[in-house]
A.B. asks: 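Have a look at this one.
This structure is a prediction, so every number in the text was calculated from the model and none was measured. Reminder, nothing fancy here: chain letters follow the sequence lines and each chain counts from 1.
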There are 2 protein chains.
Amino acid sequence: MTNIKDLAKRAGVSVTTVSRVLNQHPYVSEAKRIKVERAIEETGYLQNINAVHLSKGKTNLIGVVLPFLDHPYFAQVLIGISEQAKEKGQTLVLFPTNYEIEKEQQALRMLRQKQLDGVIICSRVLPLSVLEDYVQYGPIVLLEQRQSEQFSSVFVDHKEIFTRALEYLYKQGHRDIGYTIYRRNGTHSNVRDEAYRAFLERHQLSFNPDYCFDGALYLEDSKAVFEKLKTLNRPPTALLVTSDQVAAGLVIHAEAFNVSVPKTCAVIGLNDEPIAKAVNLTTVRIPLKAMGEKLLDQVLSSEREHASFDVILIERQTV
Amino acid sequence: MTNIKDLAKRAGVSVTTVSRVLNQHPYVSEAKRIKVERAIEETGYLQNINAVHLSKGKTNLIGVVLPFLDHPYFAQVLIGISEQAKEKGQTLVLFPTNYEIEKEQQALRMLRQKQLDGVIICSRVLPLSVLEDYVQYGPIVLLEQRQSEQFSSVFVDHKEIFTRALEYLYKQGHRDIGYTIYRRNGTHSNVRDEAYRAFLERHQLSFNPDYCFDGALYLEDSKAVFEKLKTLNRPPTALLVTSDQVAAGLVIHAEAFNVSVPKTCAVIGLNDEPIAKAVNLTTVRIPLKAMGEKLLDQVLSSEREHASFDVILIERQTV
DNA sequence: ATAGATGATGAAACCCGTTTCATATCAAGC
DNA sequence: GCTTGATATGAAACGGGTTTCATCATCTAT
C-alpha cells in the first residue's frame with residue numbers, strides 16, 4: 001500500500017505538502033498541487049484512516065445506544081439520526097443493548113478510548129451518575145425528558161402527553177382508564193405515573209393498581225394485556241397504550257378475545273407508527289425522525305441544550 | 001491522558017512489557033505483571049484505541065450495508081448479526097443506504113481505508129463487478145442467492161420458495177396467481193420470475209404481466225396493491241406476497257377494499273415476521289436471525305462459503 | 001558437562017498520518 | 001531602500017500503540 005511518504009517522494013515534495021493537499025489547506029502552489037494530485041491518481045492512494053484518527057484525535061464516529069432494533073419507535077429515531085449523520089459526514093456505530101448493562105458500558109468505554117466522538121443514548125439502564133463520569137471524554141446526549149447540566153437532551157413532555165390523552169378519554173365519557181407501559185422503572189415511568197395520579201385526583205377518581213399494565217412493547221404483547229384484562233372484575237373501559245405496536249395488536253386481536261374496540265374498550269396509542277394509520281388507531285404523534293435529527297446535531301455541538309418537541313393528538317377510530 | 005510510556009515509567013518496565021501485559025502475552029514475570037497492573041489501576045489507563053488500530057491494522061469493526069432500518073426483514077437480520085457480533089467481540093457500523101449508491105460506496109471506501117475489517121451487504125444496488133474490486137481490501141459477504149468465487153454468501157433458495165408457495169396455492173385450487181415484489185431489478189427478481197414462469201408452464205397456465213405487482217415492501221404499500229387489483233378485469237384469486245408487512249396490510253385493509261381474504265383473494269406471505277402470527281397469515285418462514293448470525297461468522301472467516309438455509313411453509317388462515 | 005529449548009526483557013523499528021515551527025520568497029506600502 | 005504581511009515549503013515532533021529482533025538467564029535432556 002502506498003503511504004503518504006511514497007506519495008511525497010513520487011511527487012517530489014514533502015509529506016507536509018501532500019498532507020496539505022489532502023486536507024485542502026491553503027498555501028500550496030498550483031504546480032505542486034497538480035503533481036501531488038497526479039501521484040494520488042497514479043497510485044490510487046487513500047489515507048489510512050486509522051492514522052488520521054490517531055493524529056487528529058477524532059473519528060467522526062458517533063455511538064448510538066438503543067435497546068431494540070426491531071421496534072418502530074427506535075427505528076424511526078434511528079432513521080432521523082442516520083439521515084442527519086449522513087448530512088454531517090458522521091458515521092454511526094450501533095449498540096443494540098437489549099437493556100444489558102455491559103453493552104451500554106461498551107459504548108462509554110469506546111468514547112473514552114476515543115473511538116467515538118460522542119454517544120447518543122436513546123434509552124438506558126445505566127444510572128445517570130455513571131454517565132456523568134464519562135462526559136469528560138466527549139458529548140453524551142439523551143433521548144429523555146431530563147434537563148441535566150451535563151447532557152443535552154431531546155424529548156417530548158410525557159406528562160403532557162398523558163394528561164392530554166387521559167383528558168381526551170375522560171371527555172369521551174371514560175372513567176375507568178388504564179394504561180400500558182414497557183418498563184416499570186424506565187426513565188419516564190415516574191412522570192407518567194405522576195400525570196396519571198394527578199388526572200385521577202383532578203377528577204376524583206380512585207386509583208386502581210391493576211389498571212397499569214407493564215411489559216407491553218411489541219405487537220404480540222397485546223395478548224398478555226387482554227389476558228390480564230380478562231382477570232379483572234371491573235376492567236377499564238379505555239386504555240392509554242404507550243406504543244402503537246401494542247395498540248394495534250389490541251385492535252387486531254380484539255375479536256379473538258371477544259372485545260370490541262372502541263365499544264368495550266377504547267384504545268389510544270402513542271407515536272403514530274405506520275401501523276397506526278393502517279388500523280385506524282387514535283394516537284399521539286411524536287416527531288421521532290425530527291427528534292433523531294436533533295440528537296445528532298446535539299452530539300456534534302459543544303453547547304448544552306434541551307430540545308422539547310410538540311406532539312399532536314390524531315383522532316381516528318379507536319376511541 | 002496517561003499513555004503507555006508513562007505507564008512503563010511508573011511501573012519501572014519497558015513499554016514492550018506493558019504492551020505484553022495489556023495483550024495477555026506470555027513471558028512476563030509475575031512481579032512485573034503486578035507492577036504494571038497496579039500502575040494501570042492507579043492511573044486509570046486505557047489504550048488509545050486508534051493507536052491500536054493503526055498498529056494492528058485492524059479495528060474489529062464490521063460494516064453492515066442495508067437499505068432500510070424500519071423493515072422487519074432487515075431488522076431481524078440485523079439482530080442476528082449484532083448478537084453474533086457481540087459474541088465475537090465485533091462492533092457494527094451501520095450503513096442504511098436507502099439504496100443510494102454513495103452510501104454503499106462509503107462502506108467500501110471505509111473497508112479500503114482499513115476502518116472496517118469486513119463488510120456485510122444485506123441488499124445492494126452496486127453491481128457485483130464493483131464489489132469485486134474491493135475484496136482485496138477485506139472480506140465482503142452477501143445476503144443473497146449467489147455462489148460467487150469472491151464472496152461468501154448466505155441465502156435461502158428463492159426459486160424453491162416461489163415454487164413451493166405457488167404449488168401450494170395451485171393445490172388449493174388457484175389458477176390465477178399473482179405475486180408482489182419490491183424491486184423489479186433486485187438481486188432475486190430474476191430467480192423469482194423464472195420460478196414463476198416455470199410454474200405457469202408446468203401447469204399450462206398463461207402468463208399475465210399484470211399479475212406482477214412491484215413497489216410492495218411496507219404495510220401501507222398494500223393499498224396500492226389493492227388499487228391496482230381493482231383495475232384488472234380478471235384479478236388473481238391468490239397472491240404470493242414477498243413481505244409479511246404487505247401481506248398483513250392486505251389482510252388488514254381487505255374489508256375497506258371490499259375484498260375477503262382468503263375467499264376473494266388468498267394471500268401467502270414471506271418471512272414469518274411477528275405480524276404474520278398476529279393476523280393469522282399463511283407464510284413462508286425464513287430463519288432471518290440465524291442467517292444474520294451466519295453472515296457475521298462468514299465475514300470473520302477467511303474461507304469462502306455459501307450457506308443455504310431451509311424455509312418452512314406455515315399454514316394459517318389466509319389461503 | 002553441554003547443547004538446546006524455554007522464559008524474560010527492552011531497544012528500536014514500524015504503523016501513518018497531522019501540525020508546529022522555522023525559514024524563504026515575493027509584493028505592497030511608506 | 002526597508003519594513004511588513006502574505007504565500008510557500010519542509011524538517012521534525014507528535015499522536016500511541018505493536019512487533020520484531022537481539023540478548024541473557026534458566027532449565028532440561030543427553
A.B. asks: Between B:Thr16 and C:dT9, is there a side-chain N or O to OP1/OP2 distance below 4.0 Å?
C.D. replies: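 Indeed not, no polar side-chain atom of B:Thr16 lies that close.
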
A.B. asks: Any side-chain donor-acceptor pair under 3.5 Å between B:Ser153 and B:His306?
C.D. replies: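 Short answer, yes.
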
A.B. asks: Between A:Asp6 and A:Tyr45, do the side chains contain an N or O donor and an N or O acceptor separated by less than 3.5 Å?
C.D. replies: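 Judged by distance alone, the side chains do not pair up.
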
A.B. asks: Taking atom types as modelled, find out whether A:Ser189 and A:Tyr182 have a side-chain donor-acceptor pair closer than 3.5 angstrom.
C.D. replies: no

A.B. asks: Hydrogens and angles aside, do B:Gln113 and A:Asn48 bring a side-chain donor and acceptor to less than 3.5 Å of each other?
C.D. replies: no

A.B. asks: Show each protein N/O and nucleotides 21-25 of chain C N/O combination with a separation under 3.5 Å, one pair to a line.
C.D. replies:
none

A.B. asks: Among residues 34-45 of chain B, which residues get a heavy atom nearer than 4.0 Å to DNA chain D?
C.D. replies: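 Hits under 4.0 Å, by residue number: B:Tyr45.
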
A.B. asks: Start at the 5' end of DNA chain D and walk down; is the nucleotide closest to B:His25 or to B:Ala51 reached first?
C.D. replies: B:Ala51

A.B. asks: Apply side-chain contact (heavy atoms from CB on, under 4.5 Å) to A:Glu149 and list each qualifying residue two or more places apart in sequence or on a separate chain.
C.D. replies: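 With neighbours one apart ignored, the set is empty.
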
A.B. asks: At what angle, to 10 degrees, do the two end axes of the helix from C:dA1-D:dT30 to C:dC30-D:dG1 meet, given five pairs define each axis?
C.D. replies: 30°

A.B. asks: Going by distance alone, is a donor N or O of one side chain under 3.5 Å from an acceptor N or O of the other, for A:Ser14 and A:Thr17?
C.D. replies: yes

A.B. asks: Please work out if B:Ser29 contacts a base, only the sugar-phosphate, or nothing of the nucleic acid, heavy-atom cut-off 4.0 Å.
C.D. replies: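 The residue B:Ser29 makes sugar-phosphate contact but no base contact.
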
A.B. asks: Which residue pairs pass the salt bridge (charged side-chain N to carboxylate O under 4.0 Å, His left out) test when at least one of the two sits in residues 291-303 of chain B, sequence neighbours left out?
C.D. replies: B:Lys88-B:Asp297, B:Lys294-B:Glu305

A.B. asks: Within the structure shown, what part of the strands sits under 4.0 Å from A:Thr17 by heavy-atom distance: base, sugar-phosphate, or nothing?
C.D. replies: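 Result for A:Thr17 = sugar-phosphate.
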
A.B. asks: N/O contacts under 3.5 Å, protein versus nucleotides 4-7 of chain C?
C.D. replies:
unit_1 : atom_1 : unit_2  : atom_2 : d
C:dG7  : OP2    : B:Tyr27 : OH     : 2.7

A.B. asks: Can you name the ring-ring contact (aromatic ring centres under 6.0 Å, His included) partners of A:Phe309, sequence neighbours left out?
C.D. replies: none

A.B. asks: Pull out every residue in residues 2-15 of chain B that has a heavy atom closer than 4.0 Å to any atom of DNA chain D, ordered by number, or say none.
C.D. replies: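 B:Asn3, B:Ile4, in order of number.
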
A.B. asks: Could you tabulate the donor-acceptor pairs under 3.5 Å formed by side-chain atoms of residues 125-142 of chain B, not counting sequence neighbours?
C.D. replies:
unit_1   : atom_1 : unit_2   : atom_2 : d
B:Gln136 : NE2    : B:Asp133 : O      : 3.1
B:Tyr137 : OH     : B:Arg112 : NE     : 3.2

A.B. asks: Between B:Lys32 and C:dT9, is there a contact of a side-chain N or O with OP1 or OP2 at under 4.0 Å?
C.D. replies: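 Affirmative; the distance criterion is met.
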
A.B. asks: Going by the rule salt bridge (Lys or Arg N to Asp or Glu O under 4.0 Å), which residues pair with B:Arg146 if we only count those two or more places apart in sequence or in a different chain?
C.D. replies: B:Glu144

A.B. asks: So where does chain A start and stop touching DNA chain D, 5' to 3', when the test is distance under 4.0 Å to a non-hydrogen atom?
C.D. replies: D:dT7 to D:dG16

A.B. asks: Determine the contact category for A:Asn23: base if any of its heavy atoms lies under 4.0 Å from a base atom, sugar-phosphate if only primed atoms, P, OP1 or OP2 are that close, otherwise nothing.
C.D. replies: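 Sugar-phosphate contact only - A:Asn23 comes under 4.0 Å of backbone atoms but never of a base.
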
A.B. asks: Check residues 71-81 of chain B and write down every donor-acceptor pair under 3.5 Å in which the side-chain atom is one partner and the other belongs to a residue at least two apart or another chain.
C.D. replies:
unit_1  : atom_1 : unit_2   : atom_2 : d
B:His71 : ND1    : B:Tyr73  : N      : 3.0
B:His71 : NE2    : B:Leu217 : O      : 2.8
B:His71 : NE2    : B:Ser243 : OG     : 3.2

